[in-house]
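Comments concern the structure below.
Every chain is numbered from 1 and lettered A, B, ... according to where its sequence line falls, protein lines coming before strand lines.
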There are 2 protein chains.
Amino acid sequence: MILRMPKVSEEHRARRRDQILTAAMRCAAREGFHKTTMSAVIRESGLSAGAVYLYFSSKQELIRAVAGTAVGAVAGTLGALTEPENVVPPEQALLATTSRILEVGRAHDVEIIRVALQAWAEAARDPAVLALLHEEIAGIRAAWTDYAVAAIAAGHLAADADPVAVARTLMSMLPGFMLLRLVDPSTDPEQYAAGLAALRRPASPR
Amino acid sequence: MILRMPKVSEEHRARRRDQILTAAMRCAAREGFHKTTMSAVIRESGLSAGAVYLYFSSKQELIRAVAGTAVGAVAGTLGALTEPENVVPPEQALLATTSRILEVGRAHDVEIIRVALQAWAEAARDPAVLALLHEEIAGIRAAWTDYAVAAIAAGHLAADADPVAVARTLMSMLPGFMLLRLVDPSTDPEQYAAGLAALRRPASPR
DNA sequence: TCGTCAAGAACGAACATTCTTTTTTTGCCG
DNA sequence: CGGCAAAAAAAGAATGTTCGTTCTTGACGA
């Protein structure tokens, strides 16, 4: 091999990639994936067309990367969350989870929730994004299932409850929270958890 | 007024409009709003560019109409549902609701759920769609609130439960169901209701 | 016969991507 | 240790296509 290779450092490449990804996320949060133009991403990233296409071979690939990042960011918060030492009741677990989701959005200072919504829509048309979403959801479900098992053992749930069913139901409250939050930003985790608590509180003996 | 009007019948106009709307929905279910081209809608509707633009002044207006139809179709099923004579427990109400949502999809033989997902994403960028979604969600919430009040009165829920909180939480399970259904079409209403039932069943006395 | 409805060709803007040129980086040799 | 060559990286103009919308023409009902 007579290869001489004046390449740039691996960290530099990673940082550039991230720079583009972040710019694309900001654009997607504003305009959605398909109304975002490559020009907009290029402008927002402060780079050039040539540079962007050096890191992502097409717009669709960039969209996939953005979708993956957004969905992954939301999913990422949950794995860590459902495994504390002391197992809390479901309403508290839900409160913690929704709170984390909001925190992630604030941390990255990109409106991740909005981008996640775009990713759901994209999953309906791009099999690659669907697969990606499928995987992340499987992870979230697994985390909730672990939680459910622990909660049953801790006596927070009926002993004969099916952990998988409980997990699916708890998990499914998150998209609703995110959507409601889009429509009414004043929606907050406390109210949400309170609703679940009210649903779970047994009817008073008549 | 010197208006002479050789117009076509009002029903004809309505039918034409619906023809275009349905075509657009089918396209949107396949490719999303912004990847759907006007040519595709025109082809699918069997009409011409001139005709389509006679009924919708722009693509964005067509998108709004489609979004409104899809979201409205989902919302429409719920109003009727939460008011039966005999008030059922929450898990049964949820079962009935999710079942209805699936039925609507099958009835119109358009994948309404997919279009609804697109509408959520569009709400993040078009204030008109956001407003529309806001209104429909308010309606759904009101229906659930009515149900919650009745359920409390019927002894299915704790007497001190906040109907509004309960309504918000129940309502928020629907988007989750719809999203999960996209990712895994085998997801069914029974499983869903079972999860809620398990969550509500009190822990056995130790 | 007038005015709406519809068709479909035509148009111009917008856009994703490529190509050309310039700049930067790195390994090597003097 | 410092310039040199080679190749990657980046810039930005150029391109060819796609797409939303309009315009022209004809058909049809009142």
Side-chain angles (χ1 to χ4, degrees), chain A residues 1-24 27-28 30-67 118 122 125-126 128, chain B residues 1-24 26-28 30-67 118 122 125-126 128-129:
Chain A
M1 283 274 223
I2 344 159
L3 285 183
R4 321 244 188 106
M5 27 167 167
K7 265 199 190 171
V8 93
S9 80
E10 203 52 51
E11 300 103 48
H12 186 224
R13 278 194 71 84
R15 231 176 313 120
R16 271 276 192 276
R17 205 187 131 94
D18 220 63
Q19 180 179 359
I20 297 167
L21 218 51
T22 302
C27 293
R30 256 188 268 120
E31 287 297 341
F33 290 145
H34 296 291
K35 266 294 187 182
T36 294
T37 66
M38 288 303 272
S39 303
V41 174
I42 289 159
R43 211 180 314 119
E44 180 92 30
S45 71
L47 295 174
S48 67
V52 169
Y53 274 87
L54 208 57
Y55 289 87
F56 297 92
S57 66
S58 70
K59 185 182 182 182
Q60 196 59 35
E61 198 192 295
L62 180 56
I63 287 175
R64 288 182 184 139
V66 170
Q118 302 300 323
E122 186 66 10
R125 61 172 297 272
D126 181 351
Chain B
M1 286 272 221
I2 341 160
L3 286 183
R4 321 242 189 105
M5 23 168 171
K7 267 198 192 172
V8 92
S9 80
E10 204 51 54
E11 302 104 47
H12 186 226
R13 277 196 71 85
R15 231 176 314 122
R16 271 278 193 276
R17 204 188 131 94
D18 220 63
Q19 180 179 0
I20 296 167
L21 217 52
T22 302
R26 265 196 267 268
C27 292
R30 257 187 267 121
E31 287 296 340
F33 290 144
H34 296 291
K35 265 294 187 181
T36 294
T37 67
M38 288 303 273
S39 304
V41 174
I42 289 159
R43 210 179 315 121
E44 180 92 29
S45 71
L47 296 175
S48 67
V52 169
Y53 274 87
L54 208 57
Y55 290 85
F56 297 93
S57 67
S58 70
K59 183 182 183 182
Q60 195 59 35
E61 198 191 295
L62 180 55
I63 287 174
R64 287 180 185 141
V66 170
Q118 303 298 323
E122 187 65 10
R125 63 171 296 273
D126 182 350
V129 175

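A:Ser45 contributes atom OG, which lies 9.0 Å from atom CE of A:Met38 (distance to the nearest 0.5 angstrom). A distance of 9.0 Å separates CG in B:Leu62 from CZ in B:Phe33, rounded to the nearest 0.5 Å.
Contact between B:Lys59 and B:Tyr53 at its shortest, heavy atoms only, is N-OH, 4.5 Å. Across B:Val52 and B:Ile20, no two heavy atoms sit closer than the pair CA-CD1, 3.9 Å.
Atom NZ in A:Lys59 sits about 15 Å away from atom P in C:dA14, given to the nearest Å. The CD1-P distance, from B:Ile42 to D:dT18, rounds to 16 Å in whole Å. Rounding to whole angstrom units, NZ of residue B:Lys35 and P of D:dC19 are separated by 7 Å. The interatomic distance linking A:Glu61 (CD) with C:dT17 (C1') rounds to 14 Å, in whole Å. Spacing between atom CE of A:Met38 and atom C1' of D:dT18 amounts to 16 Å, rounded to whole angstrom units. Rounded to a whole Å, the CZ atom of A:Arg13 is 13 Å from the C1' atom of C:dT25. Atom CZ in B:Arg43 sits roughly 15 Å away from atom P in C:dA7 (whole-Å rounding). With rounding to whole Å, B:Phe33 atom CZ is found 18 Å from D:dC19 atom P.
In this structure, a donor-acceptor pair under 3.5 Å is present between the side chains of B:Gln60 and B:Glu122.
The stretch residues 47-58 of chain A comes close to DNA chain C through A:Ala49, A:Tyr53, A:Ser58, each having a heavy atom under 4.0 Å from the strand.
If you check every strand for non-hydrogen atoms under 4.0 Å, B:His12 touches sugar and phosphate atoms only. Among the atoms of the strands shown, only primed sugar atoms or phosphate atoms (P, OP1, OP2) are found under 4.0 Å from some heavy atom of A:Thr36.
Without hydrogens or angle criteria, B:Thr22 side chain to B:Gln19 main chain gives no donor-acceptor distance under 3.5 Å.
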